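What's counted below: heavy atoms across the whole structure, side chains too, no hydrogens, waters or symmetry copies. All values derive from a computational prediction rather than experimental measurement.
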2 protein chains.
Amino acid sequence: MFSVGARGVRRVVRSMVAATTTSTPRTATGVSAAAEVIKMDVSQPQSLKKALSVPNKLLMGPGPVNIPLRVHNAMMKPMLGHLHPEFTEIMDEVKEGLRYIFQTKANVVCCVSGTGHAGMEATMCNLIEPNDVILIAQNGIWGERAADMAHRHDGDVRVIEKPAGDVFSLHDLDSALSQHKPAILFMVQGESSTGALQPLEGVGSLCRKHGTLLAVDTVASLGGVPFYMDAWEIDVVYTGSQKVISAPPSMAPMAFNDRAMAKVHARKTPIRSFYTDITWLANYWGCDGLPRKYHHTGPVSSVYALREALSMMCEEGLESLWSRHRSCAQKLYDGLADLGLQLFVDDPAKRTPTVTTICVPNGVDWTKVTKYFMSKYRVEISGGLGPSAGKVWRVGLMGYNCTPENVDKVLSIMKEALANVSKLKSNL
Amino acid sequence: MFSVGARGVRRVVRSMVAATTTSTPRTATGVSAAAEVIKMDVSQPQSLKKALSVPNKLLMGPGPVNIPLRVHNAMMKPMLGHLHPEFTEIMDEVKEGLRYIFQTKANVVCCVSGTGHAGMEATMCNLIEPNDVILIAQNGIWGERAADMAHRHDGDVRVIEKPAGDVFSLHDLDSALSQHKPAILFMVQGESSTGALQPLEGVGSLCRKHGTLLAVDTVASLGGVPFYMDAWEIDVVYTGSQKVISAPPSMAPMAFNDRAMAKVHARKTPIRSFYTDITWLANYWGCDGLPRKYHHTGPVSSVYALREALSMMCEEGLESLWSRHRSCAQKLYDGLADLGLQLFVDDPAKRTPTVTTICVPNGVDWTKVTKYFMSKYRVEISGGLGPSAGKVWRVGLMGYNCTPENVDKVLSIMKEALANVSKLKSNL
């Protein structure tokens, strides 16, 4: 029996170490039912005694977005074991839905059981071996984060930069690939910190010419703009469940094609992370043709939600989704122009319809406007992030929230807010 | 404009690279609303056209467990932004609930946004620097997994072993600590692959004597058996949301005390993972006294669910929870003895009430019994895992599912199944 004193515990928990009490009817077979009551050092918090209360907001920032009732309802479905056949069938359906939205026939299509950042980390940790050259095309916060992660994985990190709001041309990329000869090129399709949309057509071909793998972050763009993993010769892609997909944040869908998997299989050093090890994930998601092994406990309810969100996307169809995002964004641009507001990304071709960055006019305190939206209407629009902090508002038009009605609402509140903020200002 | 051909795309997506169409009313300001329709290479899967259907099962395996309606309902609450004040208040409430169930006043109490394995990985990746000696007390699959992860993080991994079903004594640990002088000792409180319960009282004092940090996995035990992080001088602990807590799998609650954080802050090498970097997580969870920065998008609905599950645990109280688990386990032991079944863990003091391992009698095909449970009653009990594979059934009594009624149900089906399986056998 343990005799070392445990400071702070007033009395020893005898039930932990021996079932010696005599008050239970059948002590021979089991655990004591009469363990001593122990005084707790930490008591129940008052805050958990009140009911959970969550306000209803319209989330028109860069994500997460509001969730359709059908997706919410999916999470009410009964729990299943993470390897039950009914659950692995749902995982298979998710996989098929992801193949559709990624436009890929790749074998390895799965999810990391975490939010978008976990997808970025899985990309870095599976692809990079120490001293691999990785080229990061950085034009906002996501490139910065990717560079941070790549450093942590001992990559030889090279960064090419464009000013916030700008994107890389094929010429820029060809030069950089020639110069750095990277094993991996990392790009962001929808740079939600700046509102920029990186064209990707042709980049895959360039990468193949240079023997480079192409990894693309589509967290803020996928489903809202065209994306063709196979046709564009993209080797690794990931996204997040809480943007256009319109499920709760919790899953990072991703795909590795055969070129990417060949690099993984040829590694000389272990993949640092077991949790995001793509070979284990591929097995758990039934992508490797082998019987599923227990890797981790999949987030069952989140997978249900993702399945329903993908089902809704499939019903609508990608062409319709892209067109809806384009037309709502156009409506927003038009309305903002009518209000005399400028967009942060000048060139219309370089804007992602999913996140619109609006220049804060001189003399306006941007925080007063976002507070007006929230306090009077419970509508979220966001300030800038990283290179755009303090310079812009960000309005998201993604998935379930991307509707003409929501555009009208944002425009009408913006008009009122600007008038109100100016009034406030003139009162000062 | 991009001119490199993209194989497989029948027509170029002009809307991606320039808004030059003339059919939209206001081409000057924005994105074309009349992009060409493109033929998809991958069409919508048939499987997502059918309604999501999930059978109702009683999950009496080692987790996940069924979820109370109140916890399900929490996930129906509206989405919030991951840094909205109403959401960070809910995170604070979760933190207080975790302090209660961990019995700690540590500052750094938070969740990794992933399932239990992510907690194990966060432990390894934050604590281990290359060549740090880590001692793993291995008596089942969790020790094996921990050793795997520790290797990936370049730890100098030393393993002490006990046979499946056995646990480590203070004497065992004192000897091993003297011999290996590890920076970290890793232990598992409830070894769900074997049903063993590791006593922890006194281990912390030993570790302090040897200058070792003590990290404990409580995924399969926390809430079902006494645990006192502070009083037992445990430096790092993590658990999973889908066991006794009875929320969906998705969150790995964890706590790092000041000793553990001192090691983290003294690191000379970067923490490999950004996603599970405890310094970032501590900030996002409001544990470091600094304003919250954007680390990652927290899984909002999962946090709601965890909050409600913790609230229910606080209402019941830990003493009552522990006692309920003890008495239900005792009832199960008694009933199994009446059926003539032996437990895999002989010594009652070494059994975790949360997962009971039952020896498969000679001549019985264990799979026939689990299939009988599932096909006739939609009740899950599991086979063994790792060292217990093929040798045992595992019955979970955790949280919401830990009731006398469920024990009765398992016992009555077991009786029927054994009779039936024997009948089947005698028919052969």
Between [X] and [Y], is any pair of side-chain heavy atoms under 4.5 Å apart?
| X | Y | answer |
| --- | --- | --- |
| B:Ser47 | A:Asp92 | no |
| A:Tyr275 | B:Thr276 | no |
| B:Met75 | A:Met76 | no |
| A:Met40 | B:Glu319 | yes |
| B:Lys57 | A:Glu86 | yes |
| B:Pro78 | A:Val54 | yes |
| A:Pro55 | B:Leu80 | yes |
| A:Ser113 | B:Ser250 | no |

[X] versus chain B, the contacting section by heavy-atom distance below 4.5 Å:
| X | result |
| --- | --- |
| A:Ser241 | neither |
| A:Glu93 | both |
| A:Ser273 | both |
| A:Ser43 | backbone |
| A:Phe102 | neither |
| A:Tyr294 | both |
| A:Met312 | neither |
| A:Leu318 | side chain |
| A:Leu332 | neither |
| A:Asn73 | both |
| A:Val65 | backbone |
| A:Leu59 | side chain |

Quick check: closest heavy atoms across [X] and [Y], and the distance to 0.1 Å?
| X | Y | value |
| --- | --- | --- |
| B:Thr115 | A:Pro299 | CG2-N, 4.3 Å |
| B:Ile90 | A:Leu52 | CD1-CD1, 3.7 Å |
| B:Leu48 | A:Gly97 | CD1-CA, 3.4 Å |
| A:Glu121 | B:Phe274 | OE1-N, 2.7 Å |
| A:Met79 | B:Pro249 | SD-CD, 3.8 Å |

Quick one: do B:Thr104 and A:Val42 satisfy side chain to side chain contact (heavy atoms under 4.5 Å, CB included)? Show the steps, please. CA-CA 7 Å; B:Thr104 185; A:Val42 180; 5.6 Å; no
Considering only heavy atoms, which portion of [X] lies under 4.5 Å from any heavy atom of chain A: side chain, backbone, both, or neither?
| X | answer |
| --- | --- |
| B:Tyr304 | both |
| B:Ala305 | neither |
| B:Asn56 | both |
| B:Gln103 | both |
| B:Thr352 | neither |

Do you know which of A:Leu336, A:Ile67, A:Asp154 has the most heavy-atom pairs under 4.5 Å to chain B? A:Asp154
Counting heavy-atom pairs under 4.5 Å to chain B, which of A:Arg145, A:Glu89, A:Met251 comes out on top? A:Arg145
Can you tell me how far CZ of A:Arg272 sits from SG of B:Cys125, rounded to the nearest 0.5 angstrom? 10.5 Å
Identified side-chain contact (heavy atoms from CB on, under 4.5 Å) partner of B:Cys314 from the options A:Gln44, A:Gln46, A:Lys49: A:Gln44
Taking every heavy-atom pair that is under 4.5 Å apart, which of [options] has the most such pairs with chain A?
| options | value |
| --- | --- |
| B:Asp277, B:Asn66, B:Val94 | B:Asp277 |
| B:Lys105, B:His153, B:His84, B:Glu315 | B:His84 |
| B:Glu308, B:His325, B:His72 | B:His72 |

May I ask you to check whether B:Gln242 and A:His82 show a side-chain donor-acceptor distance below 3.5 Å? no
Salt-bridge contact B:Lys50-A:Glu96 (side-chain N to carboxylate O under 4.0 Å): no
